[in-house]
Amino acid sequence: MQPQQSFMNLDLQLRSSIRSAVSALFQVQYDQLQLQPTNAEFEGSHTLVCFPITKISKKSPEQTATAIGEYLVAHSGIVSRFNVVKGFLNLVIADKVWAEVFQSIYADKNFGALPSNGRELMVEYSSPNTNKPLHLGHLRNNFLGYSVAEIYAALGYTVHKVQIINDRGIHICKSMAAWQLFGNNETPASNGLKGDKLVGKYYVEFDKNYKAQIKDLVGKGMSEGEAEKQAPIMKMAVDMLQKWEAKDEATLQLWKTMNGWVYEGFNETYKRMGVDFEKLYYESNTYLLGKEEVLRGLEQGVFFKKEDGSVWVDLTSDGLDQKVLLRADGTSVYMTQDIGTAILRFRDFPKIEGQVYTVGNEQEYHFKVLFLILKKLGYSWAEKCYHLSYGMVDLPTGKMKSREGTVVDADDLMQEMADEAEKQTRELGKIEEATDAQIKELSEIIGLGALKFFLLKVDPKKRMMFDPNESIQLQGHTGPFIQYTHARIRAIIRKAEIMGVQPSEKELTQIAVLEAAEREVIFMVNNYINKLNEAARDYSPAVVANFAFDLAKGYNHFYQTIPIFNEDDQIKLKFRIAFSQVVADVLKKSMKLLGIAVPEKM
RNA sequence: GGUCCGGUAGCUCAACUGGAUAGAGCAUCAGCCUUCUAAGCUGACGGUUCGGGGUUCGAGUCCCUGCCGGAUCACCA
């Protein structure tokens with residue numbers, strides 16, 4: 001059931017009218033109505049597909065459609081005209097009905113934000129390793145996860161945003177080893193480098209030396225496989241990992257220090273990205289719980305032990321394979337940690353009905369297995385867990401490879417976008433009285449808006465192409481296009497305020513005739529909640545992004561055709577001010593769900 | 001090899017989950033600033049929806065089959 005909405009629900013009314021028509025005409029109860037937007041080439045806004053109804057009506061599609069159309073015009077009170085093309089019944093909603101629809105939206109101060117539905121959800125996103133800085137792939141991840149969380153929140157859910165930080169393991173030990181060898185006690189404070197960048201630098205340094213050592217050993221006649229194990233720097237990293245697990249004080253100290261640098265760097269990046277988290281989980285805190293759970297599962301016979309002492313789960317009956325959960329030496333693997341993390345989260349937030357994991361599609365198998373294991377352990381919520389799987393971000397030059405140095409750094413990219421926005425803002429020179437600081441602030445909004453929109457407009461599950469030249473575009477199907485539309489409307493509102501034009505709710509319904517462009521836009525705005533539901537159902541911010549773009553486009557069409565302030569008719573003038581106001585609000589709200597701000601001027 | 005995902009205009013993406021003559025943006029070309037912000041608007045050009053079968057009133061969408069690209073099938077995370 002749809003929650004009660006304070007604005008007039010045209011769709012529901014129309015559906016109910018059509019059902020009445022069908023039952024009156026054909027004496028049959030029919031609920032599977034296929035209602036869709038009317039194609040632009042025909043008159044009308046809503047189209048009823050009548051082919052399926054012919055089975056009931058025992059008439060041709062045209063006759064069926066015509067009969068329903070005539071009935072609706074005579075009895076519904078909302079349909080003023082209709083036309084029939086083949087089996088399609090195109091309905092024209094009366095302008096006074098549109099005016100009422102609009103008025104109810106205008107009057108609803110909370111339009112687009114549903115009241116709490118009492119349900120809780122957790123959304124995990126970001127979840128980086130602590131050995132290198134965030135990159136373009138993380139940007140897609142963060143923007144996606146953040147946006148999905150916001151969309152659910154708008155629909156009345158209480159949403160908890162979290163992440164799991166992979167703070168332990170061989171990767172961070174590699175950076176630690178390299179830093180000890182070559183760091184000369186360098187710190188972010190001593191050299192001014194961002195903490196995550198500094199640690200990342202030593203991760204690269206490790207790899208460089210590691211490769212050189214392997215090459216050297218192979219040159220001395222060692223096999224490649226053996227050399228990978230025997231390289232001194234790798235032995236050092238492995239040794240550190242073991243010391244870490246044994247809680248060696250000096251190792252822990254170094255680990256804490258270097259992770260601390262990384263977190264400082266990450267926080268700066270998150271701040272600029274505009275994302276936030278209610279609670280952070282650290283693998284170093286959850287992997288032990290995972291281990292306990294696995295041992296419990298072992299006792300219960302859910303898992304089994306092999307001769308060497310390693311613990312496994314058998315998923316062959318689910319069409320999957322066997323999977324290791326604890327190594328022979330008792331140490332945990334990635335899966336073990338994720339089991340612990342999931343359980344811990346449900347203990348921390350007992351009211352959540354499920355979790356959304358925003359993680360790349362290369363881990364689809366992992367999550368399939370994870371959810372199955374949790375189910376086997378007896379956690380019923382496992383079925384409500386969802387892997388929000390998204391495709392890789394490709395560069396025109398191909399795949400991003402951190403080892404080949406082809407990654408696009410998140411900080412650099414955000415800076416480039418802001419710089420480009422600033423350049424174009426200054427070239428256009430529209431904001432005459434702006435200070436330098438204001439221009440910087442605006443450029444940040446525009447640059448980040450462009451970047452976020454670019455990454456969010458594509459269906460998450462699809463792999464996407466990131467062309468720097470295209471992403472930096474501020475025209476066309478972009479965030480700034482929508483921001484610009486908003487800014488233009490705000491200029492109109494400011495002017496109306498100066499002129500003292502105050503739309504009143506009562507007058508809004510007095511408008512007799514609407515322009516086509518106005519009808520179209522009201523139709524779109526009226527569809528906003530439907531779009532949010534669709535976006536939530538599909539975990540796809542792209543739905544919201546494309547909605548906002550279409551709405552902006554629709555409004556721009558109106559803007560171009562109708563000079564608002566040339567209007568003598570006060571009712572029309574006021575209606576158009578209110579109408580513009582509503583569009584600006586909905587643009588702002590929908591962009592906010594994408595994490596994108598909209599400026600007052602640009 | 002098994003499993004999963006994808007293939008739509010020159011390029012980047014849509015298509016309300018089976019509906020009408022498949023739509024936008026970019027690029028190219030032609031128009032629109034003495035009027036609310038031209039980061040805008042209007043038009044033109046652009047398609048065998050990877051190929052081949054099938055299902056039905058109707059298929060980009062569902063089924064089968066082949067081709068191409070990607071991911072995954074680790075005691076890595």
Side-chain angles (χ1 to χ4, degrees), chain A residues 34-42 47 49-52 54 60-61 85-88 90 127 129 131 166 168-171 283 306 308 310-312 319-321 323-329 331-335 337-338 360-366 368 389 391-392 394 396 399 421 424-425 427-428 430-431 446 450 454 457-459 461-467 469-471 473-478 480-485 487-496 527 530-531 534 537-538 542-543 546 549-550 552-553 556-557 559-566 576-577 580 601-602:
Chain A
Q34 285 190 47
L35 210 50
Q36 63 188 41
T38 304
N39 280 11
E41 61 202 291
F42 304 114
T47 293
V49 184
C50 293
F51 299 98
T54 55
S60 74
V85 183
K86 292 188 256 180
F88 297 94
N90 301 321
S127 303
N129 288 351
N131 60 327
N166 304 309
R168 48 150 255 139
I170 191 69
H171 57 275
E283 236 173 54
K306 287 199 175 174
D308 65 357
S310 56
V311 179
W312 295 70
L320 302 177
D321 221 330
K323 187 91 185 172
V324 70
L325 299 177
L326 284 178
R327 297 190 183 96
D329 63 5
T331 57
S332 59
V333 294
Y334 180 46
M335 187 63 75
Q337 300 162 4
D338 270 7
N361 62 7
E362 70 273 12
Q363 296 199 33
E364 271 171 13
Y365 184 79
H366 172 79
K368 213 185 229 173
S389 162
M392 277 188 178
D394 284 324
K399 236 163 131 170
Q424 296 200 31
T425 300
E427 272 171 15
L428 288 170
K430 288 191 188 180
I431 318 286
I446 296 172
F454 188 89
K457 72 180 179 185
V458 181
D459 182 348
K461 65 172 178 278
K462 287 195 177 172
R463 153 187 277 267
M464 69 176 290
M465 171 71 76
F466 185 86
D467 185 337
N469 296 325
E470 202 184 317
S471 69
Q473 279 280 342
L474 309 181
Q475 288 98 22
H477 192 194
T478 67
F481 170 90
I482 299 164
Q483 292 172 320
Y484 177 69
T485 304
R488 272 207 311 204
I489 297 176
R490 290 301 303 158
I492 289 170
I493 303 302
R494 284 192 296 272
K495 183 169 174 181
N527 206 21
N530 289 339
K531 286 290 177 183
E534 190 185 327
R537 183 197 62 200
D538 295 346
V543 172
N546 289 320
F549 175 72
D550 290 339
K553 217 173 152 43
N556 282 338
H557 178 66
Y559 180 92
Q560 204 72 26
T561 358
I562 299 161
I564 296 175
F565 292 104
N566 278 7
R576 283 169 189 160
I577 298 299
S580 299
K601 300 177 183 177
M602 71 183 273

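Note on naming: letters A, B, ... go to the chains in the order of the sequence lines (proteins, then strands), and numbering restarts at 1 for each one.
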Using OP1 and OP2 only, check whether a side-chain N or O of [X] sits under 4.0 Å from [N].
X: Lys306(A); N: C75(B); value: no
X: Arg488(A); N: A38(B); value: yes
X: Lys457(A); N: A24(B); value: no

Mind checking who [N] pairs with, Watson-Crick or G-U wobble, both distances under 3.5 Å?
N: C41(B); value: G31(B)
N: U3(B); value: A71(B)
N: G10(B); value: C26(B)

Donor-acceptor pair (no angle test) under 3.5 Å: [X] side chain, [N] base:
X: Asn90(A); N: A20(B); result: yes
X: Asn361(A); N: C4(B); result: no
X: Arg537(A); N: U17(B); result: yes

Using centres under 5.5 Å plus planes under 30 degrees as the test, is [X] stacked with [N]?
X: Tyr559(A); N: G40(B); answer: no
X: Phe42(A); N: A20(B); answer: yes
X: Phe51(A); N: G19(B); answer: yes

**OP:** Could you pick out which residue, Thr561(A) or Gln473(A), lies toward the 5' side of RNA chain B when each is mapped onto its nearest nucleotide?
**Re:**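 Upstream on the strand: Gln473(A).
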**OP:** Between Lys601(A) and His171(A), name the one whose nearest nucleotide on RNA chain B is closer to the 5' end.
**Re:**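 Nearer the 5' end of the strand: Lys601(A).
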Subject >> Closest nucleotide among U72(B), U21(B), C41(B) to the Glu362(A) side chain >> reply: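 Of the candidates, U72(B) comes closest.
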**OP:** Taking only the side-chain heavy atoms of Lys553(A) (C-beta and beyond), determine which of A20(B), C13(B), U42(B) contains the nearest atom.
**Re:**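 Looking only at heavy atoms from C-beta outward on Lys553(A), the closest nucleotide is U42(B).
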Subject >> Rounded distance in Å - CG (Asn546(A)) to C1' (A15(B)) >> reply: 10 Å
**OP:** Specify the separation, in whole Å, of atom NE2 of His366(A) and atom P of U3(B).
**Re:**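 Going from NE2 in His366(A) over to P in U3(B) covers 23 Å.
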Original post:
Is the cationic atom of Lys457(A) (NZ for Lys, CZ for Arg) positioned less than 6.0 Å from the six-membered ring centroid of Phe549(A) and within 45 degrees of its normal?
Top reply: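 Not satisfied by the 6.0 Å and 45° rule.
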